[in-house]
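First up is the structure itself, then whatever we jot down about it.
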There are 2 protein chains.
Amino acid sequence: MPDQDNLDSAVAELGWQAQKSAATRNAILDSAISCIVEYGYRGTTTTAIAQKAGLSRGAMLHHFPSKLDIVRGAVEHLHKKRLKAFRKAMTRSSEGGQDRVLLGVDAFFDHVRHPLFVAFLELSVAARTDPELAGILKPTAEAFEREWYQTAKEVFPEWQGRDEQFDIALDLSRYVMEGLAISSLTHRGGDRDRRVLRYLADKLHELRDA
Amino acid sequence: MPDQDNLDSAVAELGWQAQKSAATRNAILDSAISCIVEYGYRGTTTTAIAQKAGLSRGAMLHHFPSKLDIVRGAVEHLHKKRLKAFRKAMTRSSEGGQDRVLLGVDAFFDHVRHPLFVAFLELSVAARTDPELAGILKPTAEAFEREWYQTAKEVFPEWQGRDEQFDIALDLSRYVMEGLAISSLTHRGGDRDRRVLRYLADKLHELRDA
DNA sequence: ATTGAAACCGACAACTCTGACTGTTAGTTT
DNA sequence: AAACTAACAGTCAGAGTTGTCGGTTTCAAT
């Protein structure tokens, strides 16, 4: 056991190599997600990932033996990042003492316009015609949904006892948001989008109070 | 002018070759759309299109010199088919004398679960990272949206004078439906989806009557 | 019937991506 | 200090995709 607790505990605990390895792995996974956003899932090549991560293909294939290994890691990586970002945005919005519903809607809207959601959308669509990817994505996506639901329930405790309304509110919000997100891929609806969001917030209020 | 109006007017007007050419082109475009649904846009190869259309690659490339030409044709083809199917479903639903809103919601829901919508979704997502495809798809998608809106207005004349409510109703329906469609790619929500649709129909009634 | 054009077929070269391989440098252990 | 392991780089062959090209069959017109 190398237990010379003196200077850099991270170095001491992991060693330089292990630390560098972890950093490189992170860089690769970040690069993979970035490539998925920039080139699409099927357009993402190992060459591009390595290049954007700043190392050679050979080096990358040392950390992840095959492309599918990278994908596995990237999906997991994305899942964690997305959940963290969602939780952060939601709790932050719930702290502003004003209209919690409205803040939540805005935060959610930001969430589906974030590159991380684009990456997820890209993966979801690709998984439809790629069984291997589907096998990787499906469990993670289901886990995300469960944790997402749990988070929402924690952040909005004032809905307690209104379970059915809360479920409808969540589902409705989610579908509107995601529909909005994919529609914004082709068309740029500014005012009409805002109007729908306002209407949505209005209905959420009703669901909570009525 | 070969005007021997005797038996087959189509043959007489077009000639066997022209007729066969048109039929083959249709088969190719149908095959292309089918491949997009089955293999995804980036996974669609000219080999697969030709095979599914039942002719050789060489023959296909006689009708469409390049893959991009096929894509152009397929996008246009898809646009027409989708609009026709939508109009048909909507007018049919409006004829059933019962709850027109509910029938419309069901028809719309069927529409976004149809393979043609899947193909459109596939193209939309691919276009995000493919400028050439985007250049082809964007004008067509915009045209579809305009004609879709027009159709809806014709089919539901009882909303006349309630333009703002009607716009909200349409946008809301569309986003919920499309969000529902992409969510169904990963998860299979049966009851909860139905509940949201019921809620949606309820709100559409409100928008119309209130 | 023969000539021309259009539909159709198969083979080919150029390109790209992936995974496997060999070699090199840097850090760790004894 | 030596043996060992991990990180990294570059090259290679194989598979797949696209577009081009020459050749064959089928229809139309003179």
Side-chain angles (χ1 to χ4, degrees), chain A residues 1-4 8 10-29 31-32 35-36 39-72 74 126 129-130 132-133, chain B residues 1-4 6-8 10-29 31-32 35-36 39-72 74 126 129-130 132-133:
Chain A
M1 261 197 262
D3 203 327
Q4 44 178 137
D8 205 346
V11 175
E13 283 172 25
L14 291 173
W16 286 11
Q17 279 190 0
Q19 196 185 5
K20 181 160 195 181
S21 176
T24 308
R25 284 178 60 97
N26 255 321
I28 292 169
L29 298 182
S31 170
C35 284
I36 289 171
Y39 309 119
Y41 178 72
R42 304 287 303 248
T44 295
T45 67
T46 55
T47 310
I49 297 175
Q51 188 175 343
K52 200 179 276 266
L55 39 70
S56 70
R57 269 189 76 246
M60 186 178 69
L61 288 163
H62 168 74
H63 290 278
F64 298 93
S66 82
K67 188 181 182 178
L68 209 62
D69 292 311
I70 301 178
V71 171
R72 252 185 284 272
T129 54
D130 187 332
E132 273 185 329
L133 175 59
Chain B
M1 260 198 264
D3 203 327
Q4 44 176 139
N6 45 6
L7 291 169
D8 205 345
V11 174
E13 285 173 23
L14 291 174
W16 286 11
Q17 278 190 359
Q19 196 186 5
K20 180 159 195 182
S21 177
T24 310
R25 284 177 59 96
N26 254 322
I28 292 169
L29 297 182
S31 170
C35 283
I36 289 172
Y39 309 120
Y41 177 73
R42 304 286 304 248
T44 295
T45 66
T46 55
T47 311
I49 297 175
Q51 187 175 343
K52 199 177 277 263
L55 40 70
S56 72
R57 243 173 54 81
M60 185 178 72
L61 287 159
H62 169 73
H63 292 279
F64 298 93
S66 83
K67 188 180 182 179
L68 209 61
D69 291 312
I70 302 178
V71 171
R72 251 186 285 271
T129 54
D130 187 332
E132 272 185 329
L133 175 59

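All figures in this text were calculated on a predicted structure; none of them were measured in a lab. Labels below follow one simple rule: chain letters A, B, ... track the order of the sequence lines, proteins then strands, and each chain is numbered from 1.
With DNA chain C read from its 5' end, the first of the two nearest nucleotides for G54(B) and G58(A) is the one closest to G54(B).
Contact annotation: T47(A) side-chain N/O to dC17(C) OP1/OP2 distance is not under 4.0 Å. Using a 4.0 Å cut-off, some side-chain N or O of H63(A) falls inside it from OP1 or OP2 of dC8(D). Taking side-chain N and O atoms only, S21(B) has a distance below 4.0 Å to OP1 or OP2 of dA7(C). OP1 or OP2 of dC8(D) has at least one side-chain nitrogen or oxygen of T24(A) nearer than 4.0 Å. The phosphate of dC8(D) (OP1 or OP2) has no side-chain N or O of H62(A) nearer than 4.0 angstrom.
Rounded to whole Å, atom C1' of dA7(D) lies 13 Å from atom CZ of R25(A). We find that CG of L68(B) is positioned 15 Å from C1' of dT17(D), with the value rounded to whole Å. Between the CZ atom of R42(A) and the C1' atom of dT16(C) there is a distance of 14 Å, rounded to whole Å. The separation between L61(B) atom CG and dC8(C) atom P is 12 Å, rounded to whole Å. Straight-line distance from the CG atom of L55(B) to the C1' atom of dT26(D): 15 Å, rounded to whole Å. The CZ atom of F64(A) sits 17 Å away from the C1' atom of dT18(C) (whole-angstrom rounding). Here dC17(C) presents its C1' atom at 13 Å from CD1 of I70(A), a figure rounded to the nearest Å. Distance CD1 (I28(A)) to P (dA9(D)): 10 Å, rounded to an integer number of Å.
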Pairs under 3.5 angstrom only: tabulate donor-acceptor contacts from the side chains of residues 57-68 of chain B to other protein residues two or more places apart or in another chain.
| residue | atom | partner | partner atom | Å |
| --- | --- | --- | --- | --- |
| R57(B) | NH1 | T46(B) | OG1 | 2.7 |
| S66(B) | OG | L68(B) | N | 3.3 |
| S66(B) | OG | D69(B) | N | 3.4 |
| S66(B) | OG | D69(B) | OD2 | 3.1 |
| K67(B) | NZ | T44(B) | O | 2.8 |

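The distance from the CZ atom of R42(A) to the OG1 atom of T129(B) is 12.0 Å, given to the nearest 0.5 Å. One finds the CD1 atom of I49(B) at 4.5 Å from the CD1 atom of I70(B) (value rounded to the nearest 0.5 Å).
Closest heavy-atom contact between A48(A) and S31(A): O-OG, 4.3 Å.
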List the steps, then state whether side chain to side chain contact (heavy atoms under 4.5 Å, CB included) holds for V71(B) with Y41(B).
CA-CA 10 Å; V71(B) 171; Y41(B) 177 73; 3.8 Å; yes
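Residue R57(A) places a side-chain atom within donor-acceptor reach of the base of dG19(C), judged by atom type and a 3.5 Å distance cut-off alone.
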